[in-house]
Amino acid sequence: MTIKQFILAVWLLGLSISANSQNFRPLLEQIRDSSISKQVKIVEDSAWKYLYRDYGMAMEYARLANSLALDGKYLKGQGFSYNTIGVIYRKQGNYDSSKLFYSKALSIWNQLSDTSQISTAYLNLANLEKARGNNDSALYFAQSGLALDIGRNDSVRMSGKYTALGNIYRALGQYEKAMENYMIVVAIDEALEDSSYLGIDYSNIGDMFFSIGEFEEAKRYYEVSIAIDSLIDNKQGLAIGLGNLAGSLKELGQYEKSKDQYLRSLQIAKEIGDEIGISESSINIGALYLAKNLLDSSRYYYQLGMSIAEKLDDEWHQASALNGLGKVYLIQKKYKSAIKNLKEANQKAASLSFAVVLIDSYKSLATANRAIEKNSLAYDYLVKHIILSDSVNKVETKEKVTDLESKYQNEKHLHRINLLNHETRLQAAIIERNKLFFLAIGIGSVLLFSVGFMFYKRKIYHQRIALESQRHVAKTEQINAVIQSQEAERARFAMDLHDDFGQLISALRLKVNQNFGKDSEANQILDKMYDSLKNIAFNLMPQTLVEHGLIEAVDELSNQLNQLGIINIKVQAFEVDEAAIASHKVALYRILQEILSNILKYASASHVNISLTGLEGELNILVEDNGVGFDTEVLTLGNGNGWRNIVSRLDLMNGSVDIDSQVGQANSTVSIIVPYLVENKKVA
């Protein structure tokens, strides 16, 4: 054993004594003489095993894996451990920390040029931004990841991106688009013969119908999901599916059946040690007893779910449990306790963009405040409830969803459900094979037909994906060619202006000086002409940018704008690697030029701060102004060339942009992240 391995063993032994020796001792034995890559993988696997049981232990393992990877200078291990830490923080509702570690993981994958993991990082960021309620950013990351997957013809990862897009569109209330993406996922997973995800696929469709109040349809899809997970013995998925089915049964007024399914879900969660599942099932049972007005039982299960959520530092389930407890106290006319719990639930739900709890808590807070004769406050809460409820529950979309769902109920879709029934019967045929001999033959025929049909559909599917990939590559190359052509033409035109017209003005000045003197009015006009010419040449292509790089060029641009006397722009740079952005400097300059132009035109700002910061593997640019805020959707969804140019240039650099601004509030922030070019960096 090396000294390093001995120190690691001692440290792990100490950790095992302080935490849970039974869990850490096998790990210690496994990794003692292993390579660094195997050590990190074993510890990472342990972190994921604890992910649904104990966030604290999961984080201990994840940070241990990260420490091992950092000590061993194992970049791939660092990327995986950063991702795991980000996942744990996201599940706890700590979104800022989650984004920090997801971004660190993305930086590692960019350094390694690992497009498959870059795609996974985009998916993680998409799910994170959706959880935060930033659906535009979520769409950007999901679509960026999908573009990579299409380029690599990676059907497995495409499935994850289409699922994310379906979830995002569902959150946006765009149910037709949500259904389209969910159905694409089903087609992909069926073509891949991946039953492990089909249960989730149908459950997602069920969730969509549940969210618009179509509980009978939701129930049907949940039942298909449960059938799939039962066949493949996916207990985690089965517990979730049973909980979902119980929820739809409760909404349909079938309380006894609902209770049975919730209890089955709770039992499975206990069997597999799923603490999150136990918390969620307990809260759901609490809600069921609340609906039946069994308040003592309801409070017991809500408090049970709350205690587990607090132990896990799980903000989502804390919000649900607090909201339920608030409603229990409200019915019991314990208004002080009701308002306390409902306010806390409301605050947590607001920070998580948890619309269901927000809507419900607003309504309950209105009732509680009206009961204690705080009518003004009650009115405010009621208005918030109505506005948010109307924005989420768009009644007119229900018909569209139902029509679309019918459209997709084709032979293949129905065949899959029938196939599940056949497979169930096939299991029974093992016991009673003589009685069901002819049924087995029939099933074999159906399966044979299914396989042939599946191969044919898969071939068509891959041809379509290949065509989409070619179109995406062609479009990217076309955009890149147009931008490069524009910049080359600007550089040539700037040089022609400076050299040809500049020399002509200089020659003309000599003649004017000879005939009229240096202080003549004609000479002053020539000076103004030359200054204007320099400004035009500078705007076309700053010589400083070409010769000295981005930072000096941005500084020069800011000084020029400051001379107008209407704005004060400050530029700060910290550890920026100019060599790593050399190929991007013109594009980045144009982006900043466009942003400053918009601030001057529309923001009525007096101060702007620009900071350029070089972090590990990326350049971060922050532009902050003290001007009036604006509606970011008008910008991102509009047809303006300026915004499209910014997005196009960033897409070519694999960069991202985020805007923080609100109508009626001062101060806006534009945040840009661009990965360094790996080939320009010295990699140890």
Side-chain angles (χ1 to χ4, degrees), residues 119 122-123 126-127 129-131 135 138-139 141-143 145-147 149-150 154-229 234 237 240-241 243-245 247-248 355-356 392-394 397-417 419-420 454 457-458 460-461 464-465 468:
S119 166
Y122 280 141
L123 177 60
N127 289 331
E129 293 300 329
K130 178 193 170 291
N135 289 309
L139 275 176
F141 284 120
Q143 289 168 344
L146 182 61
D149 298 337
I150 291 172
D154 188 340
S155 299
V156 174
R157 284 186 169 81
M158 280 185 219
S159 174
K161 305 308 182 304
Y162 281 119
T163 297
L165 287 169
N167 293 338
I168 295 163
Y169 284 124
R170 176 159 61 90
L172 288 167
Q174 298 180 29
Y175 298 114
E176 190 169 3
K177 287 186 177 180
M179 177 65 90
E180 288 172 356
N181 282 278
Y182 286 145
M183 288 301 178
I184 291 172
V185 177
V186 171
I188 292 173
D189 289 342
E190 284 188 345
L192 294 172
E193 301 178 14
D194 192 346
S195 298
S196 60
Y197 287 105
L198 275 172
I200 298 172
D201 299 342
Y202 285 107
S203 183
N204 283 330
I205 299 172
D207 288 343
M208 188 187 69
F209 281 108
F210 189 95
S211 65
I212 60 172
E214 295 291 330
F215 304 118
E216 197 64 56
E217 280 297 294
K219 172 176 167 288
R220 188 166 68 86
Y221 279 97
Y222 290 146
E223 287 171 341
V224 175
S225 171
I226 290 167
I228 294 170
D229 288 329
N234 177 9
I240 294 170
N244 289 336
L245 176 61
S248 61
V356 174
V392 173
N393 301 317
K394 297 180 179 177
T397 61
K398 292 185 180 180
E399 291 183 5
K400 289 184 180 179
V401 178
T402 305
D403 291 344
L404 187 69
E405 192 259 351
S406 298
K407 185 179 86 174
Y408 280 99
Q409 293 298 328
N410 52 27
E411 271 186 40
K412 184 179 178 183
H413 187 198
L414 292 174
H415 175 72
R416 178 62 194 176
I417 298 172
L419 183 59
L420 288 171
M454 189 182 300
K457 293 297 287 183
R458 184 186 294 181
I460 298 298
Y461 169 75
R464 182 173 63 83
I465 293 298
E468 289 177 2

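The side chain to side chain donor-acceptor pair (under 3.5 Å) check on Tyr122 picks up nothing, with sequence neighbours excluded. With sequence neighbours left out, Leu123 forms a side chain to side chain contact (heavy atoms under 4.5 Å, CB included) with Asn127, Lys161, Ala164. Taking Asn204 as the reference, Thr163, Asn167, Tyr182, Ile200, Asp207 meet the side chain to side chain contact (heavy atoms under 4.5 Å, CB included) condition, with sequence neighbours excluded.
Taken to the nearest 0.5 Å, the CD1 atom of Ile228 stands 7.5 Å off from the CG atom of Asp201. Atom CZ of Arg220 is separated from atom CZ of Phe209 by 7.5 Å, given to the nearest 0.5 angstrom. How far CD1 of Ile168 is from NZ of Lys177: 12.0 Å, rounded to the nearest 0.5 Å.
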Margin query: Working note: Asp229 + Ile240, criterion side chain to side chain contact (heavy atoms under 4.5 Å, CB included); need CA distance, chi angles, decisive distance, verdict.
Written below: CA-CA 10 Å; Asp229 288 329; Ile240 294 170; over 6 Å; no
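Side-chain atoms of Leu146 and Ile150, non-hydrogen and from C-beta on, do get closer than 4.5 Å to each other. Side-chain contact between Asn135 and Glu129: absent, with no pair of heavy atoms (C-beta onward) separated by less than 4.5 Å. At a threshold of 4.5 Å between non-hydrogen side-chain atoms, the residues Leu165 and Ile184 do not count as touching. Using a 4.5 Å cut-off on side-chain heavy atoms (C-beta onward), Glu176 and Met179 make no contact.
Closest of all the heavy-atom pairs between Gly206 and Ala218 is O-CB, 3.3 Å. The minimum heavy-atom distance between Arg170 and Ala178, with the atom names listed, is N-CB, 3.7 Å. A pairwise comparison of heavy atoms in Ala126 and Ala142 identifies CB-N, 3.7 Å as the closest pair. Listed here is the closest heavy atom pair of Ser203 and Asn244: OG-ND2, 3.1 Å. Heavy-atom minimum distance, Met158 versus Ile188: CB-CD1, 4.1 Å. Smallest separation of non-hydrogen atoms from Ser225 and Gly199: OG-O, 2.8 Å.
The aromatic rings of Phe210 and Tyr222 are tilted relative to each other, their planes meeting at an angle between 30° and 60°.
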